[in-house]
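Single-structure report; data block below.
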Amino acid sequence: MQPAEIAKDVYEVGVTDWNIRDFHGYSTHLGTTYNAFLIFDEKIVLIDTVKKEFENQFLDNISKIIDPKKIDFLISNHTEMDHSGGMARVISEIGKEKPIFCSNMGAKNLPLHFSQKWNLHPVKNGEELSIGKRTLTFLETRMLHWPDSMFTYLKEDKILFSSDAFGQHYAGHEKFDGQIGDAIMPHAKKYFANILLLYSPQILKLLENVKKLGLEFNMICPDHGIIWKNNPSKIIEAYGRWSKQIPEKKAIVVYDTMWHSTEIMANAITSGIVEENVAARPMKLRTYDRSDIMTEVMDAKGVILGSPTLNNGLFPTLGDFITYMKGFKPRNKIGAAFGSYGWSGESVKLLNKELEAMKFELIDPGIKCQYVPGKEQIAACFEFGRKIGRKICELT
Ligand code: FEO
């Protein structure tokens with residue numbers, strides 16, 4: 001996309017990655033963007049760079065506005081390679097002597113990514129940098145979502161450059177929230193569920209601090225997706241809600257199946273849950289991507305896992321998903337397990353163990369079915385679902 005002036009003398013100069021579909025294991029069905037920003041004052045400041053494979057396009061974008069050599073400062077809000085991959089090239093263009101402002105952890109981590117001697121200037125939380133008529137304030141946001149993460153705030157314009165926070169993996173023609181409306185929220189939710197959920201306590205603390213400091217935002221500019229300009233408080237409120245992990249009256253039945261037996265059980269359990277007026281959806285692991293399932297898990301009260309027994313263990317996709325989900329430490333959930341088997345039937349026991357390890361409240365020892373579920377077993381699965389549904393109604 002073409003660079004655009006998003007506020008007076010502030011340009012978005014990043015790139016659009018239309019074709020990426022797998023962002024380190026996160027499905028990006030509509031691609032993403034790597035946003036970067038140029039601020040013109042007495043000093044010319046570049047905030048963040050882009051993924052390495054886009055470095056030429058990025059420099060072309062900058063060159064449409066200014067000769068890159070005229071950039072005075074580079075700010076690195078975050079070391080991860082989707083924002084720093086192009087740094088070496090950018091620095092060689094703008095000049096190796098130019099100061100790079102980053103967090104303390106950034107100054108430790110950048111040299112571990114690039115074995116080059118750069119003019120790194122670590123900044124403290126709250127430190128200010130005058131760039132002429134305007135001031136940049138640096139806000140340390142450690143573990144949101146890397147140790148080096150920080151925000152940069154353009155004080156006089158009340159513009160927050162928030163790195164990954166408030167982002168969405170979305171590539172489109174729209175630049176601002178006002179152009180896309182509520183259709184952006186599922187992308188923002190998926191991003192939160194798959195990048196930030198683990199750091200919910202830190203996010204709540206950050207939001208409290210922002211309130212205490214009386215910081216106001218005319219615009220929030222994340223490094224991915226659209227810019228929050230029309231209503232920045234919408235995403236702040238959503239982050240407050242998601243970080244509290246207050247679940248909805250909803251269950252997700254996550255399963256895989258070999259000869260459809262566990263699938264028949266999953267469908268009957270889902271019907272039973274729905275019978276109790278609780279929203280429910282079966283999600284087969286080889287149909288849905290793990291990151292799409294995680295998005296649904298985030299605000300569900302019930303997480304019901306189903307697996308056939310394979311070689312005395314779980315079906316492998318369950319192992320993948322449980323490993324992934326466990327990493328986010330989802331809270332305030334109830335869990336239950338089910339599965340079909342031929343002769344040994346360990347899957348339910350193994351799933352229960354995993355649910356307990358995640359501190360999910362186990363509401364039933366689970367339900368097993370040998371080979372193919374018949375009428376009675378399907379009815380038992382339906383009743384099992386109703387029990388789950390009633391428990392969810394009681395707790396939400
Ligand atoms: Fe968009 Fe943590 O990188």
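Note that this is a predicted model, so its numbers are computed, not measured. Start at 1 and go down the list; that is how both ligands and their atoms are numbered.
- Summarising the local packing, NZ of Lys250 is surrounded by more than 12 heavy atoms from other residues, nucleotides or ligands at distances under 6.0 Å.
- Judged by distance alone, with hydrogens and angles left aside, the side-chain atoms of Asp67 form a donor-acceptor pair with the main-chain N or O of Lys69 at under 3.5 Å.
- As for Asp164, its N/O/S atom nearest atom 1 (Fe) of ligand 1 is the one called OD1.
- Ring planes of Phe40 and Tyr11: perpendicular class, angle over 60° (limits at 30 and 60°).
- A cation-pi arrangement is present between Arg290 and Tyr324 under the rule of less than 6.0 angstrom and at most 45 degrees off the ring axis.
- Atom 1 (Fe) of ligand 1 forms the vertex of an angle spanning OD2 of Asp82 and NE2 of His224; to the nearest 10 degrees it equals 80°.
- Restricting His78 to its N, O or S atoms, the one at the least distance from atom 2 (Fe) of ligand 1 is NE2.
- When you scan the N, O or S atoms of Glu80 for the one nearest atom 2 (Fe) of ligand 1, you land on OE1.
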